[in-house]
2 protein chains.
Amino acid sequence: MPVPTIKYYVREGLLPTGELTSPNQASYSDVHERRLRLVRALLEVGGLSVSSIRDVLLAVDDPDRSLHKVLGAVTDRLVPRYEAAGEAPAAAREKVEELIARRGWAVDGDHPAALALTEALAALERVGHGAFAEVLDDYAAAAEAVAAADVAHVGRRLGRDDLVESVVVGTVVGDAMMAALRRLAQVDRSARAFDGRE
Amino acid sequence: MPVPTIKYYVREGLLPTGELTSPNQASYSDVHERRLRLVRALLEVGGLSVSSIRDVLLAVDDPDRSLHKVLGAVTDRLVPRYEAAGEAPAAAREKVEELIARRGWAVDGDHPAALALTEALAALERVGHGAFAEVLDDYAAAAEAVAAADVAHVGRRLGRDDLVESVVVGTVVGDAMMAALRRLAQVDRSARAFDGRE
């Protein structure tokens with residue numbers, strides 16, 4: 001880890017200063033190292049801004065905040081948004097709210113991910129493919145299975161810093177993994193369905 | 001649809017010229033309209049370049065190419081790549097090949113999506129989270145369910161142009177839907193697992 005990077009993080013308030021062991025040398029403890037890994041994950045994998053990272057770290061360090069709330073503080077910032085073209089129509093919003101109710105998910109209808117989903121549904125309507133929404137429940141069931149695997153994986157981490165780091169990496173890289181796997185499975189299914197068809 | 005846009009597509013060879021009904025007016029048939037919708041989907045939803053679109057249309061119009069090959073020509077161009085930092089290590093490549101064999105997927109190990117998955121696994125290793133690969137089979141099973149829903153949906157389309165258009169939209173917007181749904185399901189599962197935990 002290059003020293004200028006560490007100094008930059010310290011200057012930006014993302015990392016406490018190390019303990020001075022000589023005028024030119026600071027020593028960093030395990031706690032420092034864990035925090036450094038978390039900051040890098042938020043910055044390099046999550047793509048968060050320095051000020052967002054500051055907010056996340058405040059949440060991580062707040063002893064009164066439950067782990068679930070801490071994870072919310074970070075994952076709310078990791079939701080990719082489908083490009084919005086004006087306000088999404090009420091019909092798309094309703095579809096998302098109905099889906100959340102139907103799945104029994106304990107999540108607000110104005111969660112950033114619910115808004116991202118609303119925008120995706122609105123985009124489908126806009127390009128005349130509203131019928132694709134018929135796959136929503138199949139997707140939701142798959143998302144539940146994936147989320148259960150995600151939560152089981154990160155739940156094995158003990159410290160908050162470790163757990164939050166693991167959630168950032170798993171959330172961001174997990175999207176890329178899922179998109180790639182969906183493509184591979186599509187090739188397989190497409191071969192079975194369409195290979196003989198002209 | 002603005003006339004300059006149509007003229008631009010015609011000029012770029014993405015759309016045949018309409019039938020002249022008077023010196024200043026061209027008439028466009030249903031075939032034209034379907035092709036226009038497909039070009040817009042490839043350009044605006046898929047984000048393909050004009051020259052990529054030309055290649056895709058050549059494939060769509062090639063009577064000797066099976067539908068499966070046509071879909072490959074378009075979906076190969078719709079794979080989001082996880083940023084590569086040098087060549088992925090052999091271990092990551094092997095993991096992907098083993099997964100493809102384990103799932104029995106009829107797909108090449110050097111398919112663009114297999115490379116994208118390899119890069120995601122390499123990224124996990126790089127940031128010290130190689131253990132996250134333990135979720136791969138859960139993800140793959142979910143991807144199979146999603147791909148089955150995708151293929152069932154597009155399989156209802158009759159014409160090639162319609163079907164390809166539907167695949168482009170479903171593939172691209174489907175990624176956004178899946179990422180959003182995964183986040184919502186994570187919030188729900190996280191609440192159950194971590195709400196009381198500090």
Side-chain angles (χ1 to χ4, degrees), chain A residues 41 45 66-68 71 75 79-80 82 100 105-107 111 113-114 116-117 120 123-124 127 129 132 134-135 138-151 153 155 166 169-170 173 175-191 193-198, chain B residues 41 45 66-68 71 75 79-80 82 100 105-107 111 113-114 116-117 120 123-124 127 129 132 134-135 138-151 153 155 166 169-170 173 175-191 193-198:
Chain A
V45 182
S66 80
L67 188 50
H68 175 62
L71 296 182
T75 51
V79 177
Y82 199 81
I100 290 173
W105 288 346
V107 51
H111 186 280
L117 181 59
L124 287 176
V127 294
H129 283 260
F132 188 63
E134 72 176 22
V135 303
D138 290 311
Y139 273 57
E144 284 169 5
V146 162
D150 290 334
V151 169
H153 173 79
S166 172
V169 172
V173 183
D175 279 348
M177 279 170 47
M178 188 62 205
L181 287 165
R182 180 177 167 235
R183 229 55 110 241
L184 291 173
Q186 280 172 339
V187 173
D188 178 64
R189 291 300 178 278
S190 162
F194 302 129
D195 211 1
R197 192 166 144 186
E198 279 180 14
Chain B
V45 182
S66 80
L67 188 51
H68 175 61
L71 295 183
T75 52
V79 178
Y82 199 80
I100 289 174
W105 289 344
V107 50
H111 187 278
L117 181 59
L124 287 175
V127 295
H129 284 260
F132 188 63
E134 73 175 20
V135 303
D138 290 311
Y139 273 57
E144 285 169 5
V146 162
D150 289 335
V151 169
H153 173 77
S166 173
V169 172
V173 182
D175 278 348
M177 276 171 48
M178 188 62 204
L181 286 164
R182 181 177 166 235
R183 230 55 111 242
L184 291 173
Q186 281 173 337
V187 173
D188 177 64
R189 292 299 179 276
S190 163
F194 302 131
D195 210 2
R197 193 166 145 188
E198 279 182 11

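Naming: A, B, ... by sequence-line order, numbering from 1 per chain. Remember, it's a predicted structure, so these values are computed and weren't measured experimentally. Heavy-atom basis, side chains included; hydrogens, waters and symmetry copies ignored.
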J.: About how many Å separate CG of A:Leu181 and OH of B:Tyr139, when rounded to the nearest 0.5 Å?
T.: 9.0 Å

J.: Under a 4.5 Å cutoff for heavy-atom pairs, which residue among A:Met178, A:His153, A:Arg189 has the most contacts with chain B?
T.: A:His153

J.: Sort out for me which of B:Glu144, B:Gln186, B:His129 touches chain A most, counting heavy-atom pairs under 4.5 Å.
T.: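 Most heavy-atom pairs within the cutoff with chain A belong to B:His129.
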
J.: Might you work through the side-chain contact (heavy atoms from CB on, under 4.5 Å) test for B:Val135 and A:Met177, ending with a clear yes or no?
T.: CA-CA 10 Å; B:Val135 303; A:Met177 279 170 47; 4.0 Å; yes

J.: For each of A:Asp150, A:Val169, A:Asp138, A:Val187, tally heavy-atom pairs with chain B at distances under 4.5 Å, and name the one with the top tally.
T.: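 Heavy-atom pair counts peak at A:Asp150.
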
J.: Can you tell me if B:Asp188 uses its side chain to pair, donor with acceptor, with the backbone of A:Ala106 under 3.5 Å?
T.: yes

J.: What is the minimum heavy-atom distance between A:Ala116 and B:Ala180, and which atoms define it?
T.: CB-CB, 4.2 Å

J.: Side chain, backbone, both or neither: which part of A:Leu71 has a heavy atom under 4.5 Å from chain B?
T.: side chain

J.: I need the minimum non-hydrogen distance between A:Ala185 and B:Trp105, along with the two atoms involved.
T.: CB-CZ2, 4.0 Å

J.: Minimum heavy-atom separation for A:Val151 and B:Ser190, please, with both atom names.
T.: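 Taking every non-hydrogen atom into account, CG2-N, 4.1 Å.
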
J.: Is A:Glu134 in contact with chain B via its backbone, its side chain, both, or neither, using a 4.5 Å heavy-atom distance?
T.: side chain

J.: Below 4.5 Å from any heavy atom of chain A, which atoms of B:Ala41 appear? Answer side chain, backbone, both or neither.
T.: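 No part of B:Ala41 comes within 4.5 Å of chain A.
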
J.: Looking only at heavy atoms and a cut-off of under 4.5 Å, which of A:Ala148, A:Ala142, A:Ala145 has the most pairs with chain B?
T.: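 The option with the most such pairs is A:Ala142.
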
J.: Over all heavy atoms of both residues, which pair between A:Ala120 and B:Ala176 is shortest? Give the atoms and the distance, please.
T.: CB-CB, 4.5 Å

J.: Do you know which of B:Asp175, B:Ile100, B:Val107 has the most heavy-atom pairs with chain A at a distance under 4.5 angstrom?
T.: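 Heavy-atom pairs under 4.5 Å are most numerous for B:Asp175.
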
